[in-house]
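See below for the structure under consideration.
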Amino acid sequence: MAQSYIDPFTPAQIQRLVDRYGSPLVIIDCERVRAQYRALAKALPGVDLHYALKPLPHPAVVSTILEEGGWLDLATTGEVQLASRLDADPKRCIHTHPIKRDKDIRNALDAGVRVFVADNPDEVKKFRRYRDEAELLLRVSFRSPGVVSDLSRKFGCDPEDALELARLAAKLGVPVRGFSFHVGSQAPDARKHVEAIAVCAKLLADARKEKLGRFDTLDIGGGFPIEYRQPVESISRFCAPIRKALAGLPKRIRVIAEPGRFIAGPSAIAVSTVMGRAQREGRWWYYLDDGVYGSYSGQIYDHARYPVRALREGPLHAAVLAGPTCDSIDVIAEDVPLPKLNVGDLVVGGAMGAYTWASASEFNFFPKATVISVNQEPGDHGRVIEV
Ligand SMILES: *Cc1c(COP(=O)(O)O)cnc(C)c1O
């Protein structure tokens, strides 16, 4: 049980990978990417899953999703380029950043991406000149003040303003396919999704009645939660109320989702090495070669607390894990039960695929972790692909 979050790697395998590829090291397990994708696809039958690249924009993850027959959710020119480089079919990609420069729109159109997101009149107007090539999803905001990352604070129009936005698009001749929302990441339960689906179903029907366009798509965003230090319910149970809400939609409506964390999060571990140690005020402090400016950046930006453990076994004492930089904020955890560690020992963070390496910096010139992926082909049994 205690070992489960470094599954499927044994301590010896992790040690061998670090001997070969160095430390700090992020190890992506593509088999887990496949398992997460399949679990969510099963929990949301009939919903097309667009993997949101933002939490882990890594070629191994993107390729695995494409091989599974999945779709992509791109938000920046860099993500569009990564998808193109991996030969993703642009018709299977949507561009979901609600605020774009003209050059971002053109770059995506040049790559063949057709579907974009807008959430305000200025943004809809940007598409007037592209109305023959682009289609829109209008993003609606559903506030979730309790959620760790309330994405509806920064983006989305009020549900009361959504039809007016649809009317503007119709007036300008910009085709609209439907509505999208994102209830916020790592949602505690599916209540917001269900509420948002009900409101959007009404909006879709009203827009059709007014003949404002096709309005045949509903994008239910991301937010699907994963286990960090606290257990969460299975994805099938989490999605049960969503399945029920979607079952009430007219058959003509295509439903898509934009999962990021659920696919990437459990699919990687982060391995770091004790650079030095000191006893301070009765506790051991272990200084790692990765910290909150690196792969553990999600502790700051994403408010995540990752399960961490040492590879070495032994009697446990509360210890402090600190990152390598000279900044005092660079402390990973103050209360970790750890065996007594030596310089050179390895520490492993679990569930570290999402919003971790992606937001790491090289502050103080400590390089970002090397990333490797294993099990790129089904049946690889741990074979490593270097990138
Ligand atoms: C970040 C983001 C996602 C992914 O959300 P998760 O909660 O990680 O699944 C999906 N869509 C958009 C528009 C995003 O910005």
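Whatever order the structure lists them in is the order used to number ligands and atoms, beginning at 1.
- Listed by first and then second residue, the salt bridge (Lys or Arg N to Asp or Glu O under 4.0 Å) pairs that reach into residues 35-51 are Arg38-Glu68, Asp48-Arg254, sequence neighbours excluded.
- Polar contact check, Thr96 against ligand 1: no nitrogen or oxygen pair lies under 3.5 Å apart.
- Of the candidates Ser185, Pro225, Gly222, Gly260, Ser185 brings a heavy atom nearest to atom 7 (O) of ligand 1.
- Contacts with ligand 1 closer than 4.0 Å are made by side-chain heavy atoms of Lys54 only, the backbone lying farther away.
- Only the side chain of His182 comes within contact range of ligand 1, with a heavy atom under 4.0 Å; no backbone atom does.
- Contact annotation for His95 and ligand 1: no heavy atom of the residue comes within less than 4.0 Å of the ligand.
- A salt bridge (Lys or Arg N to Asp or Glu O under 4.0 Å) check over residues 82-99, counting only residues at least two apart or in different chains, returns nothing.
- Looking only at atom types and distance, the side chain of Ser84 has no donor-acceptor partner in the side chain of Gln81 under 3.5 Å away.
- When only modelled atom types and interatomic distance are considered, Asp330 and Tyr293 share no side-chain donor-acceptor pair under 3.5 Å.
- Looking at Tyr355 against ligand 1, only its side chain comes within 4.0 Å, counting heavy atoms.
- Where the criterion is an N or O separation shorter than 3.5 Å, residue side chain and backbone included, Gly223 meets it with respect to ligand 1.
- Taking only nitrogen or oxygen atoms, main chain and side chain alike, Gln186 does not reach within less than 3.5 Å of ligand 1.
- Using a 4.0 Å cut-off between heavy atoms, Asp73 contacts ligand 1 through its side chain alone, with no backbone atom that close.
- By the criterion of a heavy-atom distance under 4.0 Å, the side chain of Ala52, and not its backbone, is placed next to ligand 1.
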